[in-house]
Amino acid sequence: MAHFLAYFNLGAAFLIIVSMAMMLGRLLGGPTLYDRLLAVNSFGTKTILFLCVFCFVIDRPDGVDIALLYALMNFIATIAVLKFFNYRALGVPLIKDQTKAAQHKGGNVKGAHK
Amino acid sequence: MIGLILASASESQAVSLHVDWVALITAVASVVSISAGLFFVLAGTLGVLRLPDFYTRLHAAGMTDTLGAELILIGLIIQAGLTQMSLKLLIVAFFLFITSPTATHAVAHAAYKAGLKPKLGKYKAPDVDGGLK
């Protein structure tokens with residue numbers, strides 16, 4: 001039973017590797033930026049799956065911790081790249097709202113009169 | 001395949017023909033779940049390679065990645081049993097279940113806001129606010 005499951009997991013890991021290699025085609029030849037971003041996101045998900053399956057194959061539970069780290073970093077990387085290409089910067093300066101600033105000043109003046 | 005599982009199940013007690021039913025059912029459930037997950041993952045990858053438009057590709061990748069990843073992780077949880085490893089796998093599955101649709105939505109919204117129009121033939125896509133303004 002254990003032998004069969006180990007070989008089955010090895011086959012599953014190989015198929016996930018094949019899927020990752022196919023996803024590289026879209027990553028390298030995607031016509032738009034968003035195609036590439038989608039391919040990177042999907043590649044990261046498959047990396048998590050490969051790590052989880054492969055640490056069952058080699059019977060060492062360390063890989064699941066790394067997979068957890070990848071699951072968190074993959075999402076944050078996707079959102080960060082999207083924000084970068086939306087604003088062309090990661091630190092976006094705030095713009096002063098003139099009407100609200102004037103209202104705020106007026107309220108302060110009224111309070112001072114009381 | 002069933003015969004192979006039966007043969008490997010009975011090889012531990014080679015003298016008596018006793019079959020460990022709990023281990024057998026666990027293995028079969030895990031194999032079925034991981035196979036279904038692999039099918040969805042490979043179908044999604046094929047869709048990303050073959051479909052004609054960015055939004056259709058996003059549809060193929062986003063949905064199948066979520067379901068396929070969950071099925072594969074559930075299969076591994078069944079294999080691991082009640083251990084610390086299965087708890088970690090459950091946490092990974094939970095994070096994937098939350099973050100994968102969110103990332104897909106963010107990519108789709110960013111692409112639409114940037115002006116990438118879907119291929120609709122003779123129809124025309126509305127604006128981001130739904131064409132109400």
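Note that this is a predicted model, so its numbers are computed, not measured.
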Using non-hydrogen atoms only, which part of [X] is less than 4.5 Å away from chain A: side chain, backbone, both, or neither?
X: B:F95; answer: side chain
X: B:L58; answer: both
X: B:S35; answer: both
X: B:A80; answer: both

Task: Residues of residues 76-84 of chain A near chain B, each having a heavy atom less than 4.5 Å away - done: A:T78, A:I79, A:L82

With a 4.5 angstrom heavy-atom cut-off, which part of [X] approaches chain B: side chain, backbone, both or neither?
X: A:T32; value: side chain
X: A:L33; value: neither
X: A:N9; value: side chain
X: A:L49; value: side chain
X: A:N86; value: side chain

TODO: May I ask you to test the B:Y112-B:P118 pair for a side-chain heavy-atom distance under 4.5 Å?
DONE: yes

- [ ] Check whether any side-chain heavy atom of B:M85 sits under 4.5 Å from a side-chain heavy atom of A:C55, and report yes or no.
- [x] yes

Open item on the list: Main chain of B:A29, side chain of B:S33: is a donor-acceptor contact present, judged purely on distance under 3.5 Å?
Closed with: no

Are [Y] and [X] connected into the same hydrophobic cluster when the rule is that any two of I, L, V, M, F, W, Y join if their side-chain heavy atoms are below 4.5 Å apart?
X: A:V53; Y: A:F14; answer: no
X: B:I98; Y: A:M73; answer: no
X: A:V57; Y: A:L15; answer: yes
X: A:I66; Y: B:V92; answer: yes
X: B:M63; Y: B:Y55; answer: no

May I ask you to name which of [options] has the most heavy-atom pairs under 4.5 Å with chain A?
options: B:G75, B:A110, B:A111; answer: B:A111
options: B:V48, B:V107, B:L73; answer: B:V48
options: B:T26, B:T104, B:L96, B:L89; answer: B:L89

Open item on the list: Please determine whether the number of non-hydrogen atoms from other residues, nucleotides or ligands lying under 6.0 Å from atom CG of A:L28 exceeds 12.
Closed with: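 Counting neighbours around CG of A:L28, more than 12 heavy atoms of other residues, nucleotides or ligands fall under 6.0 Å, so yes.
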
TODO: Please indicate whether A:M22 has more than 12 foreign heavy atoms, meaning atoms of other residues, nucleotides or ligands, lying under 6.0 Å from its CE.
DONE: yes

Task: With A:Y70 via ring-ring contact (aromatic ring centres under 6.0 Å, His included) - residues at least two apart - done: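 A:Y70: no ring-ring contact (aromatic ring centres under 6.0 Å, His included) contacts found.
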
Open item on the list: Looking only at heavy atoms and a cut-off of under 4.5 Å, which of A:K46, A:M20, A:R26 has the most pairs with chain B?
Closed with: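 Going by pairs under 4.5 Å, I would pick A:R26.
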
- [ ] Pick whichever of A:A71, A:G29, A:G44, A:C52 has the most heavy-atom pairs under 4.5 Å with chain B.
- [x]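 Maximum pair count with chain B is reached by A:C52.
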
TODO: Determine whether the side chains of A:S42 and B:D65 contain a donor N or O and an acceptor N or O closer than 3.5 Å.
DONE: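 Result is yes, a qualifying pair exists.
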
Task: Closest non-hydrogen atom pair between A:Y34 and B:A114, with its separation - done: OH-CB, 3.3 Å

